[in-house]
There are 2 protein chains.
Amino acid sequence: MKLSQGVEWSVHCAVLLAQGPPGTVASRRTLAGFYGLPEAYLAKHLKSLVRSGVLHATSGPRGGFRLARPAAEITVLDVVEAVEGEASAFVCTEIRQRGVCAIPAEQCVRRCTVDRIMQDADDAWRESLRGRTIGEIARGLSPEVRERSRGYLAENRPA
Amino acid sequence: MKLSQGVEWSVHCAVLLAQGPPGTVASRRTLAGFYGLPEAYLAKHLKSLVRSGVLHATSGPRGGFRLARPAAEITVLDVVEAVEGEASAFVCTEIRQRGVCAIPAEQCVRRCTVDRIMQDADDAWRESLRGRTIGEIARGLSPEVRERSRGYLAENRPA
DNA sequence: GGTGACTTACTCGGATACGGCGTGTCCGAGTACTGCAGG
DNA sequence: CCTGCAGTACTCGGACACGCCGTATCCGAGTAAGTCACC
């Protein structure tokens, strides 16, 4: 099991936007340059964030990405699910109903125990991420870092 | 993020072994047949379980796989980590130290907040799986299922 | 001077190649039983 | 009848192809500002 690196990029980008004043807009070039990321590839992930309603995008000059909601209302889970998808990491294929000792479907009234345990773990993981917000992360950064981020965002603000 | 299907197979196989009397041995052919799985591929995962010390393998006739410890002492996490590896799903690449606004390493005394949040979620996931054991699952199965499993294991017990 | 359209430069969005890991399979090394020959 | 040995059949273990999704990139569609001609 491995998370896409796009998750790290996306969360950091969201936090960066959250450090500026509300409504701060930054182009993908600006975002990629801040962290030294490949611009074209980062764009792919930003697009996913737009589709999921985490970011809002505007085209043309003065365009770019901004948070679609107040940073305090965007959970880390929102960002992760935007990139990785909302599907659970574990998918039960009901192998108990296959093979020579297949259990007839009518006997499978209870959900597969293995499935339930894996889903419980998945829920715990999501619940942990749901409890942390982008705004919380941005607010917890050191004043020096926040100051530098705000300066960069202001400099590269689309004219 | 997606878990290998080998996880499902491995957990079910461990549970199957746990349904028989302690020390029950089953060959990969027996295990694969029970669930209708491709024997050659299942073998790959069983090998991982042996490497991780979850199962114990013996060669030759009367050989096969058996649980390396009492089923109550084998957690679901043990099986999952055997197949998926113990590495965390999220790996922090310290992108805050890269790009035009790179934070000097000497200022990074605190661990990256994003990393900490992701690791917390990962820990919650693992903790959830660590609390459930193979033996617990086997004991919770319905008597009919357990009886059928025991019968199959006895029938296919290596002569 | 004001206004309108045009040019332009910048933005995002979808479509398109490449590569690594999970998926799937095979054959070889090792072992315990089985049958037989010899004592 | 007992014993030793060779053959055999079954087991696991490592090495070898294939396919899909993450990785990485590009070019086209759209937009708003700036500019210039015209009124």
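Please read all numbers here as calculations on a predicted model, not as lab measurements. Each chain gets a letter, A, B and so on, in the order the sequences are listed, and its residues count up from 1.
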B/S4 backbone acceptor or donor facing B/E84 side chain under 3.5 Å: yes
For B/V145, all residues meeting side chain to side chain contact (heavy atoms under 4.5 Å, CB included), sequence neighbours excluded: A/I103, B/Q19, B/L141, B/S142, B/S149
Pairing residues for A/A26 by the side chain to side chain contact (heavy atoms under 4.5 Å, CB included) criterion, not counting sequence neighbours: A/L17, A/T30, A/L31, A/L153
Give each protein N/O atom lying under 3.5 Å from an N/O atom of nucleotides 30-32 of chain C, with the pair distance.
residue	atom	partner	partner atom	Å
C/dG30	N2	B/G60	N	3.4

Can you tell me the distance, in whole Å, between the [atom1] atom of [X] and the [atom2] atom of [N]?
{"X": "A/H56", "N": "C/dT11", "atom1": "NE2", "atom2": "P", "answer": "16 Å"}
{"X": "B/F65", "N": "D/dT11", "atom1": "CZ", "atom2": "C1'", "answer": "9 Å"}
{"X": "A/L42", "N": "C/dT11", "atom1": "CG", "atom2": "P", "answer": "14 Å"}
{"X": "B/L46", "N": "D/dC12", "atom1": "CG", "atom2": "P", "answer": "8 Å"}
{"X": "B/R66", "N": "D/dT11", "atom1": "CZ", "atom2": "P", "answer": "17 Å"}

Flag for A/Q5-B/T93: side-chain donor and acceptor within less than 3.5 Å: no
Pair A/S88-A/Q119, side-chain donor/acceptor within less than 3.5 Å: yes
Step-by-step salt bridge (charged side-chain N to carboxylate O under 4.0 Å, His left out) determination, A/E144 to A/R146: CA-CA 5 Å; A/E144 298 86 23; A/R146 287 219 310 251; over 6 Å; no
Salt bridge (charged side-chain N to carboxylate O under 4.0 Å, His left out) between B/R139 and B/E136, intermediate numbers included: CA-CA 5 Å; B/R139 207 174 322 117; B/E136 164 200 351; over 6 Å; no
Under-4.0 Å side-chain N/O to phosphate OP1/OP2 contact, A/R51 with C/dG14: yes
Side-chain N or O of B/K47 closer than 4.0 Å to phosphate OP1/OP2 of D/dC12: no
Ring pair (Phe, Tyr, Trp, His ring centres under 6.0 Å) involving B/F90 - partner list, sequence neighbours excluded: none
Enclosure of A/R29 CZ (heavy-atom neighbours >12, cutoff 6.0 Å): no
Of residues 23-30 of chain B, the positions that come close to DNA chain D - non-hydrogen atoms, cut-off under 4.0 Å: B/S27, B/R28, B/R29
Restricting to nitrogen or oxygen on both sides, can you table the protein-nucleotides 20-24 of chain D pairs closer than 3.5 Å?
residue	atom	partner	partner atom	Å
D/dT23	OP2	A/S4	OG	2.7
D/dT23	OP2	A/Y41	OH	2.8
D/dT23	O5'	A/Y41	OH	3.0
D/dA24	OP2	A/Q5	NE2	2.9
D/dA24	N6	A/K44	NZ	3.1

Ring pair (Phe, Tyr, Trp, His ring centres under 6.0 Å) partner of A/W9, the single match among A/F34, A/Y41, A/Y35: A/Y41
Stepwise salt bridge (charged side-chain N to carboxylate O under 4.0 Å, His left out) test for B/E127 and B/R130: CA-CA 5 Å; B/E127 200 55 39; B/R130 201 194 318 275; 3.3 Å; yes
